[in-house]
Amino acid sequence: MKDIFTNPLIVKEMRERFRTRKTVWILALYLLVMGSLLLGFMYVLQLNELPMPGDNRELFVMTAVLQYALLCFIAPALAAGTISGERERQTLHVLMTTQLTPAQIVWSKLLTSLAFVFLLVVASLPLYSFVFLYGGISPKQLLLLMVFFAVNILFFGALGVFCSTWIKRTGVSTITAYGLAFFFVVGTGLLYVFLGLLLEELYPQQWLNDSVWGLTGLQILGELNPVLVMFELLGENLGPTFDEYFMTPWIFFTCCYVLLSVLLIWWSAFLLKPVRPGLRWK
Amino acid sequence: MIQTEHLSKRYGKLQALTDLNLNIDKGKVFGFIGPNGAGKSTTMLILSTLLTPSEGKAYVCGYDVVKEPKDVRQSLGYMPDFFGVYDNLKATEYLDFYAGAYNIPPAKRKSLIADLLELVNLSNKADAYVDSLSRGMKQRLGLARCLVHSPDVLILDEPASGLDPRARIEMREILKQLRRMNKTILISSHILPELAELCDEIGVIEKGKLIACGAVDDVSIRSRGISMMEVRTVFGAEKAERILRESRFVRQLDDKNSHFRIQFMGTEENKAELLQQLIAAGVGVVHFGDSRENLEDVFLAITEGVGN
Ligand SMILES: Nc1ncnc2c1ncn2[C@@H]1O[C@H](COP(=O)(O)OP(=O)(O)OP(=O)(O)O)[C@@H](O)[C@H]1O
Ligand SMILES: [Mg+2]
């Protein structure tokens, strides 16, 4: 931990990032989008019915979904330019000849881009106070939601850094990171629904009354989908219901995605190494 | 300090470097010269642990570049031919970052950075943002950056490229100062005269092969026996031309109104012989000597047709 404040790369990245105007603009824009959509939604709600403090969860779900969508948008993009940005600015070669190891470089890059995304989330926390006004959620749920967001940010960051190391150009790397993120957020969900329905259609006798959704394999797929997990966390149900999970969704999700992130980071560090003894690299 | 043994590098089918054997002693300045695409940068990348050689071995300060990259990195400073600087960092912060990257304790950095900026004449730009510096200043800052961990070996890839004549001279003065500090320097360029003054030895590389290597004079005269000469006459130009054309030491003759440039193949004695011949024939010779652009032409002569 002490390392964080003495790591030269982190200090440098922070200086670079927080001295640009862009950073302020992103933060302002983020809060503006979040805030205006939220307030707009609240306005529409109170047009329809009298506000009923205490049991209106819609707003909470809405806020969470909105924030998640924005994170999906921002986190991969911020991380996808880290290593390839150095490469494009022709500073990577010099960086590699210092005593910084590839693993250190990847970690510090990831950490600093994550730090900014976390700043966005923390800065938007006051907006949740509106949501609390309407009630319907417990502090525990909010806490879990934050953990869920943290895991997602970590994963998207790792994905972005990986694409950034793997692909030379920032533009292509950003698109690839979005593509992969899309697969994890939407693709897994679609695959889950598709496979479930397919099995149901193919073997109607075997899987009666939605029992197909109880299959462990399908459940694993479902629990890998962030959207399903988030709704589960918020106490909402999307699509078919199941009686029981083989493991609490958000715990399983957290374990899997943290593991995946660590793997991606490790792989990035490996890719970044210019010279690997015993391995001929073209 | 720098040693390579049968070093080769292939990029797919392209043979960028073939069987390079170099041996550079401590405190020597070695100039690496060759046309575009000769393999200079490739060699330097391998020595800086940024590229794996296809075959052969390379050592810097006795450390193997493939097996002990960490030690190699600690003992060398590498300046690429093109490099960028970071936005939104001041010159001192820029150097401070690299000092940190070489694990230099913060307490020592301040005076170190001041010294380095002094060395490269950038003290007045200490608080300027690095992206606002001019090309020549960036180049000098880059050189200061190479020196933060006071390495014994410096690998400089075309440090003078893109600089105006004054900046080139400034750069050369800094390099001379580094030579006095007993650093081993490997420096590349396409421009021989630029290196000639600075280097103890030069190596000429073409199409990935080292075709000449040795002390500056050796490479130009002794090993090849080629030098460029100028002859100026005030009278008897026709006679001079005839003599020069017929001489067996002259390979090529350029004639600009009694001002001859010749490619001379032979020893110093042969030169004296030729001069005596001219004078004996009654030619009014006012100038007879090595051409000022000598090295450039020698370089062209040496690399002419190699590898075709
Ligand atoms: N990454 C690469 N992939 C494929 N070929 C490469 C790569 N880098 C260099 N080459 C090829 O290797 C050869 C040597 O290149 P190198 O950069 O070492 O030349 P150089 O002597 O530094 O030239 P210059 O004077 O232009 O800097 C060239 O033919 C070049 O096309
Ligand atoms: Mg080059």
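Convention: sequence-line order gives letters A, B, ...; per-chain numbering from 1.
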Taken to the nearest 0.5 Å, the spacing of B:Phe97 CZ from A:Arg15 CZ works out to 10.5 Å
task = Taking atom CZ of A:Phe149 as the centre, report whether more than 12 heavy atoms of other residues, nucleotides or ligands fall under 6.0 Å from it.
result = yes
Under 4.5 Å to a heavy atom of chain A? For B:Leu45 that would be side chain
Note: A:Thr98 and B:Arg73 closest approach over all heavy atoms is O-CD, 3.5 Å
Check your understanding: Does atom NZ of B:Lys176 have more than 12 heavy-atom neighbours, drawn from other residues, nucleotides or ligands, at distances under 6.0 Å?
Key -> yes
When every non-hydrogen atom of A:Arg19 is compared with those of B:Leu89, the smallest separation belongs to NH1-CA, 4.0 Å
One option among B:Phe83, B:Tyr78, B:Tyr94 has the most heavy-atom pairs under 4.5 Å with chain A, and it is B:Phe83
*Is the number of heavy atoms from other residues, nucleotides or ligands under 6.0 Å of A:Phe182 CZ greater than 12?*
no
Okay, B:Val85 and chain A: the region with an atom under 4.5 Å from a heavy atom over there is backbone
For B:Leu14, the side chain to side chain contact (heavy atoms under 4.5 Å, CB included) test, sequence neighbours excluded, returns B:Tyr11, B:Ala16
Taking every heavy atom of B:Ala101 against every heavy atom of A:Pro8, the minimum-distance pair comes out as N-CG, 3.5 Å
Okay, B:Asn103 and chain A: the region with an atom under 4.5 Å from a heavy atom over there is side chain
Please check if the number of heavy atoms outside B:Lys183 that lie under 6.0 Å from its NZ is greater than 12.
yes
Is any side-chain heavy atom of A:Thr97 closer than 4.5 Å to a side-chain heavy atom of B:Tyr102?
yes
Hey, is NZ on B:Lys26 packed in by over 12 heavy atoms from elsewhere, all under 6.0 Å?
-> yes
Within residues 81-94 of chain A, the residues sitting under 4.5 Å from chain B by heavy atom, in sequence order, are A:Glu86, A:Arg89, A:Gln90, A:Thr91, A:His93, A:Val94
Is atom CZ of A:Phe73 surrounded by more than 12 heavy atoms (other residues, nucleotides or ligands) closer than 6.0 Å?
-> no
Nearest heavy-atom contact between A:Glu16 and B:Asn88 is O-ND2, 3.7 Å
